[in-house]
Every structure is written in structure tokens, then in C-alpha cells.
Enquirer: 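One structure follows; several queries about it will come next.
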Amino acid sequence: MINEHPIEHISTSSASVEGSNKTAVDYRYLRMARIWAENSYCKRRQVGALVVKDKMIISDGYNGTPSGFENVCEDELGVTKPYVLHAEANAITKLARSGNNSEGSTLYVTASPCIECSKLIIQAGIRRVVYAEKYRLTDGIDLLTRAGVKVEYISLEDSCCSSSESI
């Protein structure tokens with residue numbers, strides 16, 4: 001079953017975004033995640049993620065194949081290979097290898113998390129997720145909300161900074 005949230009947009013002008021340091025910083029990290037997504041070899045969609053704690057980026061990730069695999073994400077028909085990792089999963093597993101602690105951190109990701117990545121986000125102790133593109137399925141967002149993770153949408157497409165909503 002596909003869950004759909006009613007969408008409300010709260011438009012903000014650039015002046016009010018600048019007046020809201022949290023929104024300006026969120027927008028900046030989302031733009032950085034978008035740039036990081038350019039590292040992905042995926043043709044269908046490039047997604048980037050940053051994990052931020054205490055104003056420091058403690059991990060990053062983009063969608064792609066596991067270490068040691070060829071950098072080809074889609075098969076000859078253009079279908080994503082089943083072993084391609086999502087940006088969030090790459091950022092979280094990179095955290096596990098680094099020894100950094102993600103408890104209480106914020107995840108910035110260019111696309112809304114799927115249900116599988118949402119499970120990882122919850123288990124990693126990430127308390128806030130800010131994303132820039134909505135996906136037709138909302139089961140990942142629903143799970144995060146149910147777990148008490150703060151989830152926020154900020155559009156990077158608006159010329160002056162953002163339209164945002166809290167879910």
C-alpha cells in the first residue's frame with residue numbers, strides 16, 4: 001500500500017531564510033549533498049548524503065556499487081542492479097568503519113529515504129533527517145516519523161533558497 005502525505009508548503013523569502021540560521025545551514029548542507037551526489041556512477045539517479053554532528057560532517061555517501069565492484073549501477077536494460085547501495089546506507093556504513101558516533105546527528109540527503117535506509121537511520125541514532133526531493137512512496141518517511149526522528153523537506157529547486165515543511 002502506498003501512503004501519501006498531504007503536502008503543505010511554507011514558502012520563505014531569502015531574507016527570512018537568512019534570518020533563520022538553522023534553515024540557511026540546512027540549505028547549505030543539502031547543496032553540499034547534491035554536489036557529493038555527482039560522485040555517483042549511477043545514470044538513472046544520483047543521490048548524495050551527509051551526516052552532520054556538532055556542526056561537523058562526520059560521514060558522507062552517494063549511491064553506488066559496493067567496494068571492489070565495477071562502477072556500473074544499471075544493467076543493459078537500464079534497471080538498477082540489486083546490489084547498488086543507497087547514499088544513506090553508504091554514509092552509515094562508512095560511519096561504522098570510522099569509529100565516529102552518529103547518536104543525535106542530522107542526515108542531509110538529496111532524496112527522501114526508502115524504508116530500508118530508514119531502518120538504518122533509526123538504528124544509527126540519527127535524530128533528524130533533512131531531504132530535498134520527495135519520492136512517491138512515503139513508507140520510509142512514515143517509519144522515521146513513527147520512531148520519533150524529526151523529518152524535514154527543503155526544496156533546492158526554489159530560486160531563493162527553499163520551501164520547507166516539517167512532517
Enquirer: Going by heavy atoms in the side chains, are Tyr83 and Thr65 under 4.5 Å from each other?
Expert: yes
Enquirer: Output the distance between atom OH (Tyr135) and atom CZ (Arg45), rounded to the nearest 0.5 Å.
Expert: 7.5 Å
Enquirer: Step by step, would you call Ile126 with Ile92 a side chain to side chain contact (heavy atoms under 4.5 Å, CB included)?
Expert: CA-CA 10 Å; Ile126 295 169; Ile92 291 168; 4.1 Å; yes
Enquirer: Would you say that more than 12 heavy atoms from the other residues, nucleotides or ligands in this model lie under 6.0 Å from the NZ of Lys43, or not?
Expert: no
Enquirer: Does a side-chain heavy-atom distance below 4.5 Å link Lys53 with Asn101?
Expert: yes
Enquirer: Treating Thr110 as the side-chain partner and Gly48 as the backbone partner, does any N or O pair qualify as donor plus acceptor under 3.5 Å?
Expert: yes
Enquirer: State, with a plain yes or no, whether a side-chain heavy atom of Ile141 is found less than 4.5 Å away from one of Tyr153.
Expert: no
Enquirer: Does any part of the side chain of His86, heavy atoms only, come nearer than 4.5 Å to the side chain of Glu116, both counted from C-beta?
Expert: no
Enquirer: Are any non-hydrogen side-chain atoms of Tyr41 and Val72 less than 4.5 angstrom apart?
Expert: no
Enquirer: Partners of Arg128 by salt bridge (charged side-chain N to carboxylate O under 4.0 Å, His left out), sequence neighbours excluded?
Expert: Asp26, Glu152
Enquirer: Locate the shortest heavy-atom distance separating Cys117 from Glu88; write the atom from each residue and the value.
Expert: CB-OE2, 3.8 Å
Enquirer: Any chance CD of Glu74 has more than 12 other-residue heavy atoms, nucleotides or ligands included, within less than 6.0 Å?
Expert: yes
Enquirer: Determine yes or no for a side-chain-to-main-chain donor-acceptor pair under 3.5 angstrom, with Ser40 supplying the side chain and Asn63 the backbone.
Expert: yes
Enquirer: For the atom pair OG (Ser105) and CG (Leu50), what is the distance rounded to the nearest 0.5 Å?
Expert: 11.5 Å
Enquirer: At what distance, to the nearest 0.5 angstrom, does CG of Asn39 lie from CG of Asp60?
Expert: 8.5 Å
Enquirer: Looking at Arg34 and Glu157, is there a salt bridge between them, counting it only when a charged N and a carboxylate O are closer than 4.0 Å?
Expert: yes
Enquirer: Less than 4.5 Å apart, side chain to side chain, heavy atoms only: is that true for Arg28 and Val25?
Expert: yes
Enquirer: Where do Pro113 and Ser118 come nearest, in terms of heavy atoms and distance?
Expert: CB-OG, 3.7 Å
Enquirer: Is any side-chain heavy atom of Leu143 closer than 4.5 Å to a side-chain heavy atom of Lys119?
Expert: yes
Enquirer: Of the non-hydrogen atoms in Tyr62 and Asn90, which two are nearest, and what is the gap between them?
Expert: O-ND2, 2.7 Å
Enquirer: Residues in side-chain hydrogen bond (donor to acceptor under 3.5 Å, both in side chains) with Glu38, at least two apart?
Expert: none
Enquirer: Check whether any side-chain heavy atom of Met32 lies under 4.5 Å from a side-chain heavy atom of Ile57, and answer yes or no.
Expert: yes
